[in-house]
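In what follows, a structure is listed as structure tokens, so that the remarks can point back to it.
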Amino acid sequence: MNYFEYKNDQLHAEDVPLADLAQRFGTPFYVYSARTLRRHFRVFDDALQGTDHLICYAMKALSNLSILKLFASMGAGFDIVSVGELMRCLRIGADPRKIVFSGVGKTDEEIAAALEAGILMINVESRPELHHISTVAGRMKRRAPVSLRVNPDLDPGTHPHISTGHRDSKFGVPLSQVDEYYAEAKGLANLDLVGLSTHIGSQITDVAPFAEAGEKVAAIVKRLRTAAIALKYLDLGGGLGIPYAETPPPPAEYAAALLKPLRELSLKLITEPGRVMAGNAGVLVTRVLYLKETDVKRFIVIDGAMNDLIRPVLYEAYHNILPVDRRKLGQTVTADVVGPVCESGDFFARDRELNQPREGELLAVMSAGAYGMVMASNYNSRPRVPEILVDGAEAYLIRERDTFDDIIRGEHIVELKGGS
Ligand code: LLP
């Protein structure tokens with residue numbers, strides 16, 4: 001459910017016509033709907049009512065400061081994966097006691113920054129990481145709250161690039177070694193063993209893998225109790241899919257699957273949803289530059305490109321593409337929708353049936369709120385596009401378009417001693 005809807009055949013973000021935004025800010029741009037973001041958070045939160053829980057929004061999905069502030073104001077915590085993300089949290093005044101830190105490659109500096117900030121827990125993914133955390137905490141004369149991230153060895157049935165819960169992935173501690181890890185961690189100085197965590201992948205559209213992961217980690221928690229290790233938090237990660245083309249289960253069904261094996265454990269449940277919060281709350285608005293026909297294909301060349309949204313080429317992802325103005329629709333054609341970047345991988349859709357747009361017309365690439373802007377780059381020296389947040393009839397510019405100076409910031413022209 002989202003608030004990008006046609007009113008009088010003109011696509012709106014809430015009460016604001018996208019065409020007005022294009023006129024005001026130029027194209028391409030990302031626009032997010034605050035009402036949709038709030039709704040997604042509320043629905044997810046409601047699904048977990050009756051269980052002691054904390055939603056740590058996986059900010060890697062969409063990390064603009066204004067978006068983080070919106071979620072924090074609703075009571076969300078954050079799942080972070082770098083010191084940069086930690087600093088974003090601190091910048092918006094987020095409560096550090098609601099931050100969990102995931103990732104396979106945390107540096108000592110990042111560990112120190114997290115301990116200094118006083119976050120809720122660090123999700124540990126390897127034996128050497130445990131030792132590093134213990135050492136860093138000792139140096140800082142602090143105790144480090146840690147949780148082990150377990151790899152439950154299952155197939156979440158999603159694209160291989162975003163699947164993390166099978167045994168040959170780099171993520172988490174193998175199931176077979178979990179007990180040894182906890183025993184070892186117990187013997188290390190300065191560590192508080194507070195939790196257990198897992199995250200099996202992203203854009204998962206079936207509840208069965210979540211239920212399976214839940215059962216596997218619940219069994220571990222019980223076993224650890226008999227070894228006198230009493231945990232406080234169970235972090236079941238994120239991963240719930242959204243309807244790009246597929247039909248994922250509603251949050252209530254997902255929550256029921258998570259909660260079933262955890263009922264009798266009386267731990268605080270932590271979840272790390274990213275995509276389900278932000279995905280359908282954002283669209284990328286672009287303008288048609290050229291229509292081009294070859295002997296075998298029809299191309300719609302738009303001003304957005306793979307540097308703005310890399311998901312189609314990276315994950316073969318489907319994003320619906322809608323005309324912003326559907327008052328005068330062209331005939332239905334089959335075309336590739338492509339950007340100006342010099343790569344064949346620069347496409348938004350291939351062999352897609354859509355209404356033939358006119359040159360200069362606006363197109364909206366839907367469901368682009370998650371893993372869109374955050375994965376944008378300056379490839380081809382293209383400026384990263386602005387981000388706009390709509391709330392009712394108000395539109396706020398929450399990130400400016402890069403200038404040329406932004407693109408070359410930090411570069412130096414050096415005089416080479418070797419000459420030319
Ligand atoms: N927690 C951890 C430890 C994660 O690694 C992730 C995502 C999440 C939570 C949030 O998962 P979500 O609820 O958003 O599925 N760039 C890819 C997605 C990468 C996901 C990485 N990890 C894409 O565009 O599909």
Side-chain angles (χ1 to χ4, degrees), residues 1-5 32-33 35-49 51 53 55-62 67 71 76 79 152 154-166 169 171 198-217 235-262 269-284 309 311-312 314-322 349 364-372 374-375:
M1 166 76 214
N2 64 70
Y3 295 95
F4 292 97
E5 287 163 338
Y32 311 114
S33 153
R35 202 181 284 166
T36 309
L37 292 163
R38 289 192 200 100
R39 187 192 151 87
H40 287 170
F41 184 85
R42 231 172 262 132
V43 168
F44 201 91
D45 198 34
D46 286 350
L48 296 170
Q49 277 319 313
T51 305
H53 71 276
I55 299 175
C56 289
Y57 167 61
M59 63 187 285
K60 64 168 76 66
L62 170 61
I67 306 289
F71 281 129
D79 168 47
L154 51 80
D155 180 8
T158 185
H159 191 279
H161 292 185
I162 51 176
S163 176
T164 54
H166 48 95
S169 102
F171 297 100
T198 190
H199 169 75
I200 57 175
S202 196
Q203 186 53 19
I204 297 168
T205 52
D206 177 10
V207 294
F210 291 114
E212 188 183 338
E215 270 154 31
K216 286 184 168 172
V217 293
D235 178 348
L236 292 183
L240 181 58
I242 64 167
Y244 293 107
E246 50 280 71
T247 314
E253 215 174 289
Y254 159 80
L258 287 194
L259 295 178
K260 197 162 152 263
L262 310 177
L269 175 67
I270 296 176
T271 54
E272 304 169 354
R275 189 189 312 267
V276 74
M277 295 286 152
N280 284 329
V283 311
L284 174 65
L309 180 68
R311 302 197 68 258
L314 204 50
Y315 316 109
E316 298 156 86
Y318 177 94
H319 286 265
N320 198 7
I321 299 178
L322 295 177
V365 181
M366 306 304 290
S367 308
Y371 306 109
V374 287
M375 297 180 80

Any heavy-atom pair between the side chains of [Y] and [X] that's under 4.5 Å?
| X | Y | answer |
| --- | --- | --- |
| Asp79 | Lys60 | yes |
| Met366 | Ile321 | no |
| Leu269 | Thr271 | yes |
| Asp45 | His53 | yes |
| Ile200 | Pro152 | yes |
| Ile67 | Leu37 | yes |

If you round to the nearest 0.5 Å, how far is [atom2] of [Y] from [atom1] of [X]?
| X | Y | atom1 | atom2 | value |
| --- | --- | --- | --- | --- |
| Ile242 | Ser367 | CD1 | OG | 5.0 Å |
| Thr198 | Glu272 | OG1 | CD | 9.5 Å |
| Thr158 | Gln203 | OG1 | CD | 6.0 Å |

Check step by step if ring-ring contact (aromatic ring centres under 6.0 Å, His included) holds for Phe44 and Tyr254.
CA-CA 9 Å; Phe44 201 91; Tyr254 159 80; 5.7 Å; yes
By side chain to side chain donor-acceptor pair (under 3.5 Å), which residues pair with [X], not counting sequence neighbours?
| X | value |
| --- | --- |
| Ser33 | Glu14, Thr36 |
| Glu316 | His159 |
| Arg38 | Asp391 |

Distance-only, no hydrogens or angles: does the Thr205 side chain make a donor-acceptor pair with backbone N or O of Gly241 under 3.5 Å?
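No; judged by distance alone, with no hydrogens or angles, the pair does not exist.
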For Leu240 and Ile204: C-alpha separation, side-chain torsions, deciding distance, then whether side chain to side chain contact (heavy atoms under 4.5 Å, CB included) applies.
CA-CA 5 Å; Leu240 181 58; Ile204 297 168; over 6 Å; no
Do Phe71 and Tyr57 have their ring centres less than 6.0 Å from each other?
yes
Taking the six-membered ring for Trp, are the ring centroids of His319 and Tyr244 within less than 6.0 Å of each other?
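Yes, the ring centres sit under 6.0 Å apart.
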Just by distance, with hydrogens left out, do His40 and Asn280 show a side-chain donor and acceptor under 3.5 Å apart?
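Their side chains do not contain a donor-acceptor pair, so the 3.5 Å distance test is not met.
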Criterion side chain to side chain contact (heavy atoms under 4.5 Å, CB included) against Ile270, the qualifying member of Leu236, Asp235, Ile55
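Testing each of Leu236, Asp235, Ile55 against Ile270, the sole residue satisfying side chain to side chain contact (heavy atoms under 4.5 Å, CB included) is Asp235.
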